[in-house]
Amino acid sequence: MAVPTGVSEQDWAAALEALTTAVGSEWVFTEEEHTSLYHDVYSIYQGEPEDPVVPAAVAPYTAEEVQQCVRIANQYKIPIYPISTGKNLGYGGSAPVYSGSLVLDLKRMNRILNVDVEKATVLVEPGVTFYDIVEHFESNNMPLTLDMPDPAWGSLIGNALERGMGHTYSQHGRDRWSGHCGMEVVLPTGDMIRTGPGASGHDVLWQDQKYGIGPDVHGIFTQSNFGVITKMGFWIRPAHEGFRHARIHVPRFDDIHKLIELDTRLQNMEICNGMSVVASPLYGSFGPMLFTPPVTDPEHLALLEVRNGERPDPGPLARYGERNRLAFWWLELKFHGPNSVTQAQWDYARDLFSREIPGCWFEEYDPLEFPLSDQDKADLNSYGHVEMVNLGIPSLHRFAVSMRNQFNPEPGVGHLWFAPMIPKTGEQILLAQEVLQKNCERLGIPLMASYYSMLPLMWYPRAGIFLAGWNVRADPEQNRRTREQYVELSQICADHGWTEYRAPAPLHDPIMRMSNGFNDHALLRFHETLKDAIDPNGILSAGRYGIWPRHLREERQG
Ligand SMILES: Cc1cc2nc3c(=O)[nH]c(=O)nc-3n(C[C@H](O)[C@H](O)[C@H](O)COP(=O)(O)OP(=O)(O)OC[C@H]3O[C@@H](n4cnc5c(N)ncnc54)[C@H](O)[C@@H]3O)c2cc1C
């Protein structure tokens, strides 16, 4: 039987007995056929000695059982790694950062504890998935909806703790963490706290107001290893009434600056509340990947050729666009709300673009009314680029990006996500395209498409994310190169101030160091100070986001 790292066989035998008493023998997993399920199937260390192993897993059913497991881990100094549903694919899956950790699997804790329809709030346990919550609303006729990330089989809590992103609304949504309200946390010592007004011991305000009185500690539990979250509240939205989307096409290369500026202005005014998309038909991109028909016209293809990493000349492309009625860029705006209201919002936006960008033209789509008919759902992708997730409908469609497709003719066994954030300005977008393209070519990084045809995802209100999936292969040599290239490109982004919004677990150490260099990494020292105080035995999620407990720090950081 495998034993957790650093634990004697004798202690492990005693710990197993205590864990079995705490949660029941059927919820302690030590056989390989079970523990192998926690392996990260997308691991960038496939088949290498560094590939994290899971010696055992334990699945508590209540917060009190979580406390008992954490106390046992303290008693025997067992490294533990909590997961909610463990679907963090592309960022580490369900595998621990520190190989040999006991996985604390919280999937069984899947209760939807409270739904307040009037206030549009929910309180859930870690095992509740996006599918579960939508199903709960539908089967109980609750007129509610929530922002939807991909893939919907993940959990609200795991997604929020990774500061994951959805694709629907800006308000309490896309930035999942921004929508949380109130947490219950089992600290690494086994003690339990509630945050915000829930700290009073009353739950009357817990999901209504984020702050109680005193320091606000919520954020330290995200992308960290300071506690096991056993409950979390979320602010959501009343059910959809209507949805509208429209495109603004602009003819000139330089129009990118005004286009992005006006999108940001409309988002900041909350006139536009859906997830915008920006694309460049002339550079060969027509919106989110997989919806993009390939460029086939030989004349157009010749104009797109990238030589020595340089941007294909915008002049001839603009002239080609003029002859073929192709925009240099387009922006798609999405509006959620009653159709009478979104009509006024779109009218305002259209007037604004007409005034500010001479020569722009518009493509308007019929608004949708909810509930959607099956035909509406079937038609979604046939006009514009409305995806299920843009409307809060759970799906697993996004897995198609890692399948064989026109951009990914040789799919791997999984992928790593590479996701630097850049400020939302035309200037920074153009600079990032150039820096990323040139450095990918220099480093020999295979690209699914030229960076000149890629545009950032407009997830945040003021920052975009240049998301790319890097194939993982069943070839250690290739994966080693991929890791080196990933770290080098991340460093180049960090040198420009383009921090990653989240990082694959096996690369947390280098990414954290390169992204937090101010004052000789003072922030990282602060994280360690917190870690030593909160987790004196250093048992919880060692190494997550580069935070190592004292007893492993020297060994890990050299
Ligand atoms: C094709 C594809 C598309 C994707 N698209 C998106 C997307 O649109 N948006 C997005 O955000 N992500 C996306 N992802 C990434 C990922 O699938 C999701 O973020 C997913 O929700 C995370 O899985 P989970 O909820 O099961 O989290 P988990 O795997 O359970 O948790 C993630 C990590 O958080 C910590 N953690 C989790 N729960 C707890 C807890 N209760 N207490 C303490 N620590 C905890 C653990 O360290 C864990 O490893 C995508 C992945 C793929 C493969």
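Below, all heavy atoms of this structure are taken into account, side chains as well, without hydrogens, waters or symmetry copies. One-based numbering, in listed order, for ligands and for the atoms of each.
- Annotation: G86 places an N or O atom under 3.5 Å from an N or O atom of ligand 1; distance criterion only.
- The distance criterion of under 3.5 Å between nitrogen or oxygen atoms is met by I229 with respect to ligand 1.
- The two atoms that bring L540 and P82 nearest to each other are CD1-CD, 3.7 Å, heavy atoms only.
- Here the protein heavy atom with the shortest distance to atom 34 (O) of ligand 1 is R544 NH2, 3.3 Å.
- Set against the non-hydrogen atoms of M165, the atoms of ligand 1 under 4.0 Å away are 7 (C), 8 (O), 9 (N), 10 (C), 11 (O).
- With a 4.0 Å cut-off on non-hydrogen atoms, L161 touches ligand 1 through its side chain and not its backbone.
- Below 4.0 Å from some heavy atom of G227 lie the following atoms of ligand 1, by number and element: 42 (N), 43 (C).
- Considering backbone and side-chain N/O of S541, none are found under 3.5 Å from N/O of ligand 1.
- Looking at T230 against ligand 1, nothing comes within 4.0 Å, counting heavy atoms.
- When only interatomic distances are considered, the shortest N/O to N/O separation between R398 and ligand 1 does not fall below 3.5 Å.
- Checked against the 6.0 Å centroid threshold, H180 and F234 do not count as a close aromatic pair.
- By the 3.5 Å distance cut-off applied to N or O atoms, I157 is not counted among the residues near ligand 1.
- Checked against the 6.0 Å centroid threshold, F418 and Y486 count as a close aromatic pair.
- Contacts between E162 and ligand 1, counted as non-hydrogen atom pairs separated by less than 4.0 Å, involve the side chain only.
- In R502, the part holding a heavy atom less than 4.0 Å from any atom of ligand 1 is the side chain.
- Among protein heavy atoms, the minimum distance from atom 31 (O) of ligand 1 is reached at G158 CA, 3.8 Å.
- A heavy-atom separation below 4.0 Å is found between H167 and ligand 1.
- Put simply, the side chain of R174 never gets that close to the backbone of H167: no donor and acceptor are under 3.5 Å apart.
- Near S84, meaning under 4.0 Å from any of its heavy atoms, are these atoms of ligand 1: 30 (O), 37 (C), 38 (N), 39 (C), 40 (C), 41 (N).
- If you check which protein heavy atom lies closest to atom 17 (O) of ligand 1, you get K87 O, 3.0 Å.
- Here F370 and H336 keep their ring centres 6.0 angstrom or further from each other.
- For the residue pair E500 and S490, a side-chain donor N or O sits within less than 3.5 Å of a side-chain acceptor on the partner.
- The atoms of ligand 1 that sit less than 4.0 Å from any heavy atom of G154 are 21 (O), 25 (O).
- At a 4.0 Å heavy-atom cut-off, ligand 1 touches Y91 through the side chain alone.
- Residue contacts with ligand 1 include W417, since one of its heavy atoms falls under 4.0 Å from the ligand.
- Relative to atom 22 (C) of ligand 1, the option among N88, L457, I83 with the closest non-hydrogen atom is N88.
- Of the polar atoms of Y81, at least one N or O is found under 3.5 Å from an N or O of ligand 1, judged by distance alone.
- Residues N479 and T482 bring no donor and acceptor atom of their side chains to less than 3.5 Å of each other.
- Under a cutoff of 6.0 Å and an axis angle of 45°, R111 and Y61 form a cation-pi pair.
- Heavy atoms of H415 found under 4.0 angstrom from ligand 1 belong exclusively to the side chain.
- Looking at Y545 and E162, their side chains do bring a donor and an acceptor atom within 3.5 Å of each other.
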